[in-house]
Amino acid sequence: MSRPPCSRAARSATGELTRIGAEHDLSLTLLRVLGILRDGRPRMSNLAAFLGLDKSTLSGLIDRAERRGLLTRAASPEDKRAVVDLITDAGRALNERMYEEVREALAPATGRLEPLQRRQLAQLLEPVLTPPLPLTPRRLPH
């Protein structure tokens, strides 16, 4: 029995992300963190839960990214007691470069589509991805 196309597409895209991330000495998890922080400012607890990590593991990941100049920490504008992680200009630039590399790596597959098909695919994906999935863990039934 063949896998659904969305499963195969996700596996292919994840494989390219993993390969390109490794070329930049970045794990897939850190790539996900950079993408999330590019688009928002979740609390550490929400980010850890969304990624399926404990806070200490995420903190170590953030520390390494901070030493590389990709992320920085700051007081939350909403709650001065809380700390938020922010993507730096260097992190944003790396994120953009990697986006282009992934786009180029996936071009052989997306290039099989006619321009109209690419627009249709984007239109079909938009309601699935907007609004973005919440940064909260999924509750499993007991």
Side-chain angles (χ1 to χ4, degrees), residues 2-141:
S2 69
R3 299 266 185 220
C6 58
S7 175
R8 292 190 329 250
R11 193 171 44 254
S12 177
T14 301
E16 289 300 329
L17 281 169
T18 301
R19 181 185 62 76
I20 291 169
E23 290 173 1
H24 293 276
D25 196 29
L26 298 172
S27 68
L28 183 57
T29 304
L30 185 52
L31 289 177
R32 292 177 68 200
V33 168
L34 288 174
I36 292 166
L37 295 179
R38 178 198 64 219
D39 297 334
R41 295 181 180 175
R43 295 181 72 102
M44 278 285 277
S45 57
N46 289 349
L47 184 57
F50 180 75
L51 295 168
L53 302 173
D54 60 61
K55 286 188 213 176
S56 64
T57 301
L58 179 60
S59 185
L61 189 67
I62 299 291
D63 287 344
R64 288 188 296 280
E66 191 174 26
R67 283 193 299 274
R68 288 185 62 181
L70 303 174
L71 299 175
T72 189
R73 291 185 169 127
S76 169
E78 294 85 30
D79 180 357
K80 298 298 181 201
R81 297 167 297 169
V83 173
V84 293
D85 299 303
L86 306 170
I87 191 167
T88 63
D89 289 342
R92 195 172 304 283
L94 178 59
N95 194 285
E96 289 301 315
R97 271 196 321 274
M98 292 184 62
Y99 171 81
E100 287 303 318
E101 289 178 32
V102 170
R103 191 177 65 71
E104 288 174 16
L106 296 176
T110 58
R112 296 178 196 149
L113 300 173
E114 296 294 326
L116 176 61
Q117 290 174 312
R118 282 194 293 275
R119 285 192 301 277
Q120 289 172 330
L121 178 60
Q123 289 171 342
L124 289 168
L125 288 172
E126 194 61 38
V128 173
L129 302 173
T130 304
L133 296 174
L135 291 177
T136 54
R138 193 175 102 195
R139 305 279 184 232
L140 298 176

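Judged by distance alone, with hydrogens and angles left aside, the side-chain atoms of Ser59 form no donor-acceptor pair with the main-chain N or O of Lys55 at under 3.5 Å. A donor-acceptor pair under 3.5 Å links the side-chain atoms of Thr88 to the main chain of Gly69, judged by distance alone. Formation of a donor-acceptor pair under 3.5 Å by the Ser12 side chain with backbone atoms of Arg8 is not found in this model. Within the 3.5 Å criterion, the main-chain N or O of Gly60 finds a donor-acceptor partner in the side chain of Arg64.
The minimum heavy-atom distance linking Leu31 with Gly21 is given by the pair CD1-CA, 3.8 Å. Nearest approach of Pro127 to Gln123, heavy atoms of both residues: CD-O, 3.1 Å.
Using a 4.5 Å heavy-atom threshold, the side chains of Leu26 and Met98 count as touching. Using a 4.5 Å heavy-atom threshold, the side chains of Val33 and Asp85 count as separate.
Of the inter-residue distances, the one linking Leu47 atom CG with Leu37 atom CG reads 6.0 Å to the nearest 0.5 angstrom. Here His24 contributes atom NE2 and Glu101 contributes atom CD; the two are 3.5 Å apart, rounded to the nearest 0.5 Å. Within the model, atoms CZ of Arg103 and CD1 of Ile20 stand 11.5 Å from one another, a figure rounded to the nearest 0.5 Å. Annotation: the span from Leu58 atom CG to Leu30 atom CG amounts to 9.5 Å, rounded to 0.5 Å. One finds the CG atom of Leu53 at 9.5 Å from the CE atom of Met44 (value rounded to the nearest 0.5 Å). Separating the CG atom in Asn95 from the CG atom in Leu70 is a distance of 9.5 Å, to the nearest 0.5 Å.
Within 6.0 Å of CG in Asp54 there are more than 12 heavy atoms belonging to other residues, nucleotides or ligands. Surrounding CZ of Arg43 are at most 12 heavy atoms belonging to other residues, nucleotides or ligands under 6.0 Å away. Heavy-atom contacts from other residues, nucleotides or ligands closer than 6.0 Å to CZ of Arg41 number 12 or fewer.
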> For Arg73 and Val84, what are the C-alpha separation, side-chain angles and deciding distance, and is it a side-chain contact (heavy atoms from CB on, under 4.5 Å)?
Replying inline: CA-CA 6 Å; Arg73 291 185 169 127; Val84 293; over 6 Å; no
>> With side-chain contact (heavy atoms from CB on, under 4.5 Å) as the criterion, how do Thr29 and Thr57 come out once you've worked through the C-alpha distance, each side chain's angles and the decisive distance to 0.1 Å?
In response: CA-CA 11 Å; Thr29 304; Thr57 301; over 6 Å; no
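With Leu71 as the partner, the side-chain contact (heavy atoms from CB on, under 4.5 Å) test is satisfied by one option alone out of Asp63, Leu61, Leu86, Leu34: Leu34.
Ion pairing of Glu23 with Arg19 is present here, as a side-chain N (NZ or NE/NH1/NH2) and a carboxylate O approach within less than 4.0 Å.
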